[in-house]
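Written out below as structure tokens is the structure these notes cover.
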Amino acid sequence: MEKPRQVVRKFLARPQHEGVGAVVRRSIGRFELRYFDPFLVLDEFSVSAPAGFPDHPHRGFETVTYMLEGAVTHEDFEGHRGTIKAGDVQWMTAGRGIVHSEMPAGPGTSKGLQLWVNLSSGNKMVEPGYQEIQSKDIACTSADGVTVRVIAGHAMGVQSPVCTRTPTMYLDFTVRPRGVVRQPVLASWNAFAYVLEGEGVFGAERGAPVGAHHLLLLSQGDGLEVWNKSDDRPLRFLLIGGEPIGEPVAQLGPFVMNTEEEIDMTVNDFERYANGFEKARHWKSQAMVALVVE
């Protein structure tokens, strides 16, 4: 790497309540960092039944759900239903409109991450769709004490099968004690790291170690260097990057468009069950029906 990326800002993602009884650590999409083109939200969530994320809409972007522990059952008004288990990924294109629910499957605490990836104006009204990858099918490789799971993009000679409408890299690294990662990143992309476990030194070898639940915004450059200087603890972190869209962003909760007029139109569509939200008129998730019965 000719120009390694450096850490330019650091945030500790503190717990907050979201959905119905769920707890999330939000690092992108909070008041200090509303948007990091093309990323709208990054939540590290923890949820136990009966809490969860009952029926709610989306338009204009994609959600990437990556389960760390437990499982979440997803269902939508198109009749799509499935369970995302530990290690699985669901890459959902909300496009012109989805109403869905995400609720814990079974007892215990379910933990994971959800990333919202913006779509360009030309893709905001595409038909909704899913790419779902079970843990066993995620591209993964190890070398020199470093293991990477390639959710999107490529690393260490392996390529993800996921197709991203907004060009995106999503890598899950585990680094043994005293290990080092050197990962190329396209120089024109925005990128950040998020620490899941352990402590790491990012960007400059003499920097201070950074621990779990921290988001690190990275400068421009052609790659990232990371050191695990611990003698006995592995380091696990995400490296996520994407091609900036460079368009205006208008957001109202789960609706993300380019102008306020488009947001007004989206609210009107949702309230009138029109233009992509027709099936929401008579639909309730099984989870919601169960809550009403109880």
Side-chain angles (χ1 to χ4, degrees), residues 1-18 23-46 61-64 66 68 112-118 148 151-153 155 164 166-175 180-230 235-251 256:
M1 286 179 283
E2 295 182 3
K3 186 181 178 183
R5 293 181 181 236
Q6 304 299 312
V7 176
V8 294
R9 295 178 72 185
K10 179 176 71 173
F11 301 97
L12 174 62
R14 301 183 185 279
Q16 65 183 59
H17 290 283
E18 194 76 15
V23 175
V24 305
R25 292 179 178 268
R26 179 162 295 170
S27 48
I28 299 175
R30 58 194 237 177
F31 68 93
E32 302 102 321
L33 186 62
R34 291 293 186 191
Y35 181 51
F36 187 51
D37 193 3
F39 305 112
L40 297 152
V41 168
L42 178 64
D43 282 345
E44 181 183 0
F45 62 84
S46 177
F61 60 97
E62 299 182 308
T63 67
V64 185
Y66 183 29
L68 302 176
L113 298 122
Q114 189 167 95
L115 177 71
W116 291 12
V117 184
N118 199 10
V148 62
I151 311 303
T164 59
T166 300
T168 305
M169 172 181 71
Y170 192 136
L171 309 176
D172 177 1
F173 283 101
T174 300
V175 189
V180 181
V181 172
R182 292 181 175 89
Q183 172 61 39
V185 180
L186 286 175
S188 59
W189 286 17
N190 287 333
F192 66 88
Y194 187 80
V195 184
L196 294 174
E197 300 172 16
E199 289 186 335
V201 176
F202 293 77
E205 189 171 3
R206 294 185 178 180
V210 180
H213 314 302
H214 279 90
L215 178 109
L216 308 174
L217 294 188
L218 303 174
S219 68
Q220 295 303 301
D222 59 2
L224 176 66
E225 296 179 302
V226 183
W227 295 263
N228 180 4
K229 296 195 172 184
S230 170
L235 163 68
R236 186 179 182 188
F237 70 94
L238 305 177
L239 176 58
I240 297 176
E243 183 175 59
I245 295 172
E247 296 178 348
V249 174
Q251 181 172 0
V256 183

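The first residue of the sequence shown is numbered 1, and numbering continues consecutively from there. Computed from a predicted structure; not experimentally measured.
Taking CG of L217 as the start and CZ of F192 as the end, the distance is 8.5 Å to the nearest 0.5 Å. Going from atom CD of Q6 over to atom CD of E225 covers 8.5 Å, rounded to the nearest 0.5 Å. Interatomic distance, OG of S188 versus CD of Q220, reported as 8.0 Å (0.5 Å rounding).
Summarising the geometry of L12 relative to A212, their closest heavy-atom pair is CD1-O, 4.0 Å, with the distance given to 0.1 Å. Summarising the geometry of Q183 relative to A155, their closest heavy-atom pair is OE1-CB, 3.4 Å, with the distance given to 0.1 Å. The nearest pair of heavy atoms linking A193 to F202 is CB-CE2, 3.8 Å. Nearest heavy atoms, G223 versus M1: CA-SD, 3.0 Å.
No donor-acceptor contact under 3.5 angstrom links the side chains of N190 and E243, judged on distance only.
Residues L235 and V195 are in side-chain contact: their nearest non-hydrogen atoms beyond the backbone lie under 4.5 Å apart. The shortest distance between side-chain heavy atoms of L196 and L113 falls below 4.5 Å. In this structure the side chain of V226 never reaches within 4.5 angstrom of the side chain of V201, judged on heavy atoms. With contacts defined as side-chain heavy-atom distances shorter than 4.5 Å, the pair F237/V210 does not qualify. Using a 4.5 Å heavy-atom threshold, the side chains of H17 and V23 count as touching. With a 4.5 Å cut-off on side-chain heavy atoms, L68 and R236 count as touching. Side-chain contact check for V175 versus W227: every heavy-atom pair is 4.5 Å or farther apart. V256 is listed as a side-chain neighbour of V249, based on a closest heavy-atom distance under 4.5 Å.
For T63, the side-chain contact (heavy atoms from CB on, under 4.5 Å) partners are H58, F61, M92, Q114, W116, not counting sequence neighbours. Taking the side-chain contact (heavy atoms from CB on, under 4.5 Å) definition, one finds that A152 meets it with W91, T164, Y170, sequence neighbours left out. R30 is linked by a salt bridge (Lys or Arg N to Asp or Glu O under 4.0 Å) to E32, counting only residues two or more places apart in sequence or in another chain. Remark: T166 engages no residue in a side chain to side chain donor-acceptor pair (under 3.5 Å) (not counting sequence neighbours).
Judged purely by atom type and a 3.5 angstrom limit, R5 has no side-chain atom pairing as donor or acceptor with the backbone of L224.
The side chain to side chain donor-acceptor pair (under 3.5 Å) analysis of residues 198-212, with sequence neighbours excluded, yields no pairs.
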Report task. May I have the step-by-step check of side-chain contact (heavy atoms from CB on, under 4.5 Å) for L239 and V148, ending in yes or no? Result -> CA-CA 10 Å; L239 176 58; V148 62; over 6 Å; no
Name the atoms and distances for all side-chain donor-acceptor pairs under 3.5 Å in residues 33-45, with sequence neighbours left out.
residue	atom	partner	partner atom	Å
Y35	OH	D37	OD1	2.9
Y35	OH	N118	ND2	3.1
D37	OD1	I245	N	2.9
D37	OD2	I245	N	3.1
D37	OD2	G246	N	2.9
D43	OD1	R26	NE	2.7
D43	OD2	R26	NE	3.4
D43	OD2	R26	NH2	2.8
E44	OE1	Y194	OH	2.5
E44	OE1	H213	ND1	2.9

